[in-house]
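Chain identifiers are assigned alphabetically (A, B, ...) following the order of the sequence lines, protein sequences preceding nucleic acid strands; residue numbering begins at 1 within each chain.
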Amino acid sequence: MSTTRLRFAPAPTGSLHLGSARTALFNWLVAQGSGGQLILRIEDTNAELTRPELIDNIYRSLEWLQIGFDGEPVRQSERTDLYNDAVEGWISDGLAYVDDGAVRFRVPSEGTTSWNDTVRGTVIFENQHIEDFVVRRADGTATFFTANAVDDFDLGITHVVRGEDLVNVTPKVIMLRQALGAQDMPEFAHLPLIVNEQRKKLSKRRDDVALESYRERGVLAAAMVNYLALLGWGPPDDIEVRPIEEIAALFQLADVNPSPAMFDVKKLESINGDYIRAMTQEEFSEALTPWLKNEIWGSSVDHDRLSQVAPLVQERTRVLSEGPPQLDFFFLETPEIDQSAWEKVMTTAEAPLILESAKMAFATLEWDVDVLHESLRAIGESHDMKLGKAQAPIRVAVTGRLVGPPLFESMHALGRETVLERIAAAHTKLGAT
RNA sequence: GCCCCCAUCGUCUAGCGGCCUAGGACACCGGCCUUUCACGCCGGCAGCACGGGUUCGAAUCCCGUUGGGGGUGCCA
């Protein structure tokens with residue numbers, strides 16, 4: 001029995017593109033599910049694509065996604081002899097000819113070239129519509145077609161899984177493979193494109209296509225991979241959010257939907273929120289660390305303190321970068337007061353009374369979450385206000401904002417002294433205006 | 001222009017001739033829970049592009065129309 005062998009073959013053109021990441025993932029899923037091998041092949045036949053930092057980018061992104069490969073990466077820039085031999089062979093067999101310094105493959109003017117695509121069914125091209133394409137440039141380097149056909153053959157690739165934008169090169173690659181003397185063809189599967197709201201292929205110019213930028217915003221690798229798997233494929237049991245190993249066990253190339261899929265950031269973030277909530281509290285506060293540097297107070301954070309308060313915002317965080325901003329009042333000397341929040345709740349007749357009462361009550365009561373809760377509830381009641389209303393001035397005074405983590409837990413963590421200071425400051429500020 | 005492909009709720013999908021009065025998820029809208037926001041729970045809105053066939057029976061098969069996309073480089 002022959003083992004399944006796949007390859008992910010990106011061209012190094014900067015940060016890994018979402019579409020490429022999805023292609024890498026689907027290749028990986030097939031390899032996992034079939035117990036086969038997955039090879040990473042860098043398509044850098046073009047000299048400017050051989051820059052090391054571009055290639056490092058790919059490695060870094062794939063490593064982050066935890067998409068692993070078998071063996072060392074194959075660099076096409078290091079296999080030029082192989083391609084030259086192939087081209088020379090085609091010339092001497094009369095299958096290719098020199099044209100203006102370049103070498104072109106002679107495409108028959110009759111007949112058809114077709115294959116049975118695993119996701120799209122039979123695809124047929126009439127040879128008369130295919131031009132004599134270039135297999136070696138005038139500068140002596142091999143083109144994509146040549147390198148692709150030679151490598152897939154030489155590396156024993158059994159499944160070619162790639163984007164739909166490559167459908168039209170497939171007949172050319174098939175011809176070259178036959179010209180190489182191959183008796184068999186790999187299984188081809190062309191994945192649907194990932195498109196934007198305008199239903200156009202994601203493009204670098206218009207869309208946020210860099211995998212890296214989602215990572216920087218605090219999308220977890222596991223969530224990204226989970227979401228990507230859902231683009232063009234759906235689990236048979238309707239359970240969408242699940243470990244990638246489970247997806248690999250369920251995934252079938254033939255089940256992939258051939259129509260284009262829109263990249264929906266909202267859904268990605270929803271899934272990311274699921275993954276964040278599934279973390280332990282320790283994992284979550286640890287995961288927040290890289291995003292601290294965006295905050296002015298972030299450089300001097302006490303990590304014990306952070307792990308104490310981070311759980312308060314865990315279920316309120318969809319992407320990690322949203323975490324630290326919700327925690328600022330714990331680490332700032334004085335909270336940054338949101339102007340519109342202040343105007344909304346501090347300009348009522350009750351606000352000063354609530355602050356006044358709380359200032360007195362909080363000075364002596366037992367510093368306990370439940371006691372604080374009950375105390376504020378009673379204060380509100382004495383002014384004929386529901387707790388939801390009564391807590392607002394205190395919340396603004398203590399946290400600076402109208403919304404945030406649970407108030408009593410926050411005050412408890414902050415400590416009596418700080419809370420009293422902030423309430424007093426707000427009270428004074430009110431009196432002054 | 002030419003070649004190739006695609007077509008189920010706004011979006012991602014399930015469906016592979018009867019189980020469909022079309023299921024799930026995200027989004028959206030209500031409600032409950034509730035110390036704000038969130039989480040959670042309950043409910044709602046909303047779709048087989050259109051027209052012909054085939055069949056006892058079609059979202060599912062065939063043809064056409066329309067609409068959309070991809071490609072058309074000595075890029076990959």
Side-chain angles (χ1 to χ4, degrees), chain A residues 9-13 20 43-46 48-49 76 99-104 117 119-121 123-126 128-131 133-145 147-148 162-171 190 192-195 197-201 227 229-241 254-255 257-271 273-274 277 312-318 322 326 341 345 369 372-374 376-377 380 386-392 394-396 399 401-411:
Chain A
T13 57
S20 300
E43 308 231 319
D44 55 354
T45 53
N46 186 321
E48 56 189 276
L49 297 180
Q76 290 190 328
D99 171 42
D100 206 14
V103 178
R104 285 181 185 276
D117 196 284
V119 343
R120 346 186 71 82
V123 181
I124 304 174
F125 283 79
E126 286 185 43
Q128 59 168 321
H129 292 130
I130 302 172
E131 76 289 355
F133 55 96
V134 174
V135 291
R136 186 170 69 193
R137 304 184 187 94
D139 67 5
T141 59
T143 59
F144 166 78
F145 311 111
N148 208 274
R162 62 199 351 176
E164 190 197 335
D165 51 343
L166 262 13
V167 167
N168 66 99
V169 312
T170 302
H190 289 90
L193 255 21
I194 298 180
V195 299
E197 304 72 11
Q198 285 77 239
R199 302 251 114 213
K200 299 242 198 290
K201 181 166 96 161
Y227 176 65
L230 265 15
L231 252 26
W233 179 83
D237 56 9
D238 281 339
I239 299 172
E240 296 187 327
V241 179
D255 293 337
N257 189 327
S259 55
M262 192 193 88
F263 191 81
D264 184 353
V265 178
K266 285 240 183 74
K267 182 145 182 173
L268 202 214
E269 292 186 348
S270 167
I271 290 174
D274 289 339
R277 269 173 256 121
L312 296 176
V313 300
Q314 184 166 355
E315 70 179 21
R316 273 157 264 260
T317 304
R318 285 165 75 98
E322 291 173 351
Q326 302 178 81
V345 301
V369 172
L372 282 164
H373 189 315
E374 173 53 24
L376 226 202
R377 192 201 59 75
K386 288 258 177 69
L387 221 204
K389 201 103 189 281
Q391 58 93 42
I394 304 298
R395 178 180 290 280
V396 171
T399 74
R401 278 187 294 267
L402 229 36
V403 301
L407 221 213
F408 307 115
E409 285 80 347
S410 296
M411 292 198 293

Are any of [X]'s side-chain N or O atoms less than 4.0 Å away from OP1 or OP2 of [N]?
{"X": "A:Arg199", "N": "B:C5", "result": "no"}
{"X": "A:Lys267", "N": "B:A25", "result": "no"}
{"X": "A:Arg318", "N": "B:A27", "result": "yes"}
{"X": "A:His129", "N": "B:C2", "result": "no"}
{"X": "A:Arg104", "N": "B:C74", "result": "yes"}
{"X": "A:Thr45", "N": "B:A76", "result": "yes"}
{"X": "A:Lys266", "N": "B:G10", "result": "no"}
{"X": "A:Asn168", "N": "B:C2", "result": "no"}

Watson-Crick or G-U wobble partner of [N], both distances under 3.5 Å:
{"N": "B:U11", "answer": "B:A25"}
{"N": "B:G30", "answer": "B:C42"}
{"N": "B:G1", "answer": "B:U72"}
{"N": "B:A58", "answer": "none"}
{"N": "B:C20", "answer": "none"}
{"N": "B:A49", "answer": "B:U65"}

Counting heavy atoms from C-beta on, name the nucleotide in [options] closest to the side chain of [X].
{"X": "A:Val403", "options": "B:U35, B:C37, B:A76", "value": "B:C37"}
{"X": "A:Phe145", "options": "B:G71, B:A76, B:C74", "value": "B:A76"}
{"X": "A:Val123", "options": "B:G70, B:C4, B:U36", "value": "B:C4"}
{"X": "A:Glu240", "options": "B:G24, B:U35, B:C6", "value": "B:G24"}
{"X": "A:Arg277", "options": "B:C39, B:G70, B:U35", "value": "B:C39"}
{"X": "A:Pro258", "options": "B:A76, B:A7, B:G70", "value": "B:A7"}
{"X": "A:Asp165", "options": "B:G70, B:C6, B:C37", "value": "B:G70"}
{"X": "A:Glu43", "options": "B:C6, B:A76, B:G70", "value": "B:A76"}
{"X": "A:Leu407", "options": "B:G40, B:U35, B:A14", "value": "B:U35"}

Contact class for [X] vs. all strands (heavy atom < 4.0 Å): base, sugar-phosphate, or nothing?
{"X": "A:Lys200", "result": "sugar-phosphate"}
{"X": "A:Pro405", "result": "base"}
{"X": "A:Asp237", "result": "nothing"}
{"X": "A:Gly232", "result": "sugar-phosphate"}
{"X": "A:Asp139", "result": "nothing"}
{"X": "A:Ala261", "result": "sugar-phosphate"}
{"X": "A:Ile124", "result": "sugar-phosphate"}

Within the structure provided, determine whether [X] and [Y] are in side-chain contact (heavy-atom separation under 4.5 Å).
{"X": "A:Arg162", "Y": "A:Asn148", "result": "yes"}
{"X": "A:Ile394", "Y": "A:Leu407", "result": "yes"}
{"X": "A:Phe125", "Y": "A:Val167", "result": "yes"}
{"X": "A:Leu268", "Y": "A:Phe263", "result": "yes"}
{"X": "A:Pro235", "Y": "A:Leu230", "result": "yes"}
{"X": "A:Lys267", "Y": "A:Leu231", "result": "no"}

Taking only the [atom1] atom of each, what is the distance from [N] to [M] in whole angstrom?
{"N": "B:C20", "M": "B:C56", "atom1": "P", "answer": "23 Å"}
{"N": "B:A22", "M": "B:C62", "atom1": "P", "answer": "24 Å"}
{"N": "B:U65", "M": "B:U72", "atom1": "P", "answer": "26 Å"}
{"N": "B:A59", "M": "B:G18", "atom1": "P", "answer": "11 Å"}
{"N": "B:U60", "M": "B:A14", "atom1": "P", "answer": "16 Å"}
{"N": "B:G44", "M": "B:C4", "atom1": "P", "answer": "47 Å"}
{"N": "B:C16", "M": "B:G40", "atom1": "C1'", "answer": "36 Å"}
{"N": "B:C12", "M": "B:G47", "atom1": "C1'", "answer": "13 Å"}

| message | Which is more 5' along RNA chain B, the nucleotide nearest A:Val169 or the one nearest A:Leu231? Just name the residue. | response | A:Leu231
| query | Of A:Ser270 and A:Gln391, whose nearest nucleotide on RNA chain B comes first from the 5' end? | reply | A:Ser270
| Under 3.5 Å: donor-acceptor pair, side chain of A:Arg316, backbone of A:Pro405 |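 No; judged by distance alone, with no hydrogens or angles, the pair does not exist.
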| message | Is it the case that the side chain of A:Asp117 and the backbone of A:His190 share a donor-acceptor pair, with hydrogens and angles ignored and the cut-off at 3.5 Å? | response | yes
What is the distance, to the nearest angstrom, from the [atom1] atom on [X] to the [atom2] atom on [N]?
{"X": "A:His190", "N": "B:A76", "atom1": "NE2", "atom2": "P", "value": "17 Å"}
{"X": "A:Leu372", "N": "B:U35", "atom1": "CG", "atom2": "C1'", "value": "11 Å"}
{"X": "A:Arg120", "N": "B:G69", "atom1": "CZ", "atom2": "P", "value": "16 Å"}
{"X": "A:Leu387", "N": "B:U35", "atom1": "CG", "atom2": "P", "value": "6 Å"}
{"X": "A:Glu409", "N": "B:U36", "atom1": "CD", "atom2": "P", "value": "12 Å"}
{"X": "A:Asp264", "N": "B:C26", "atom1": "CG", "atom2": "P", "value": "11 Å"}
{"X": "A:Ile194", "N": "B:G69", "atom1": "CD1", "atom2": "C1'", "value": "15 Å"}
{"X": "A:Met262", "N": "B:C26", "atom1": "CE", "atom2": "P", "value": "15 Å"}

| request: Show the numbers, then the answer: is there a side-chain contact (heavy atoms from CB on, under 4.5 Å) between A:Phe408 and A:Leu376? | output: CA-CA 9 Å; A:Phe408 307 115; A:Leu376 226 202; 3.7 Å; yes
| query | Do A:Glu164 and B:G71 have a side chain to base donor-acceptor pair shorter than 3.5 Å? | reply | no
| Going by modelled atom types, is there a donor-acceptor pair between the base of B:C37 and the side chain of A:Arg316 at under 3.5 Å? |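 Pair found.
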| said: Pairing donors with acceptors under 3.5 angstrom, does anything connect the side chains of A:Thr141 and A:Arg137? | reply: yes
